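For reference, the structure discussed in these notes is given below.
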Amino acid sequence: MAAYDRLPPDLRLWLAGAALPWSATSVLRLWKRALKETGCPQAARDRLARAEQKILAQEAARVWGAAYPA
């Protein structure tokens with residue numbers, strides 16, 4: 001839990017609404033990369049949201065089949 005407490009406030013804000021149980025290590029790595037590339041916390045949060053949606057789509061296809069949702 002201490003690792004989550006050390007995350008930047010903007011990232012913790014995003015995590016509060018995340019659909020996946022991100023580890024502090026992995027989400028911080030993505031956050032730093034996105035923030036470095038965009039220079040903007042909001043753009044970095046948007047990038048994390050897109051990454052999460054991509055993962056959820058892959059998981060849905062694996063669990064329910066490639067035609068989900070049909």
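Index from 1, following the sequence. Please read all numbers here as calculations on a predicted model, not as lab measurements.
There is no side-chain donor-acceptor pair under 3.5 Å between Arg50 and Gln53.
Under the 4.5 Å side-chain heavy-atom criterion for ILVMFWY residues, no single connected hydrophobic cluster contains both Leu13 and Tyr4. Follow the hydrophobic side-chain contacts under 4.5 Å out from Leu11 and you reach Ile55 in the same cluster.
The closest donor-acceptor contact from the side chain of Arg12 to the backbone of Leu7 lies under 3.5 Å. A donor-acceptor contact shorter than 3.5 Å is absent between the side chain of Glu52 and the backbone of Ala18.
Taking all atoms of both residues into account, the shortest heavy-atom contact from Trp22 to Val27 is CB-CB, 3.9 Å. Closest approach of Pro41 to Asp10, counting heavy atoms only: CB-OD2, 3.3 Å.
Atom CG of Leu48 and atom CG of Leu20 lie 11.5 Å apart (nearest 0.5 Å). Gln42 contributes atom CD, which lies 4.5 Å from atom CG of Asp46 (distance to the nearest 0.5 angstrom). Between the CG atom in Leu30 and the CG atom in Leu35 there is a gap of 12.0 Å [rounded to 0.5 Å].
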Next item on the list: Test Trp31 against Arg47 for side-chain contact (heavy atoms from CB on, under 4.5 Å), laying out the working first.
Entry: CA-CA 9 Å; Trp31 171 257; Arg47 186 173 290 185; over 6 Å; no
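Residues Lys54 and Gln58 are in side-chain contact: their nearest non-hydrogen atoms beyond the backbone lie under 4.5 Å apart.
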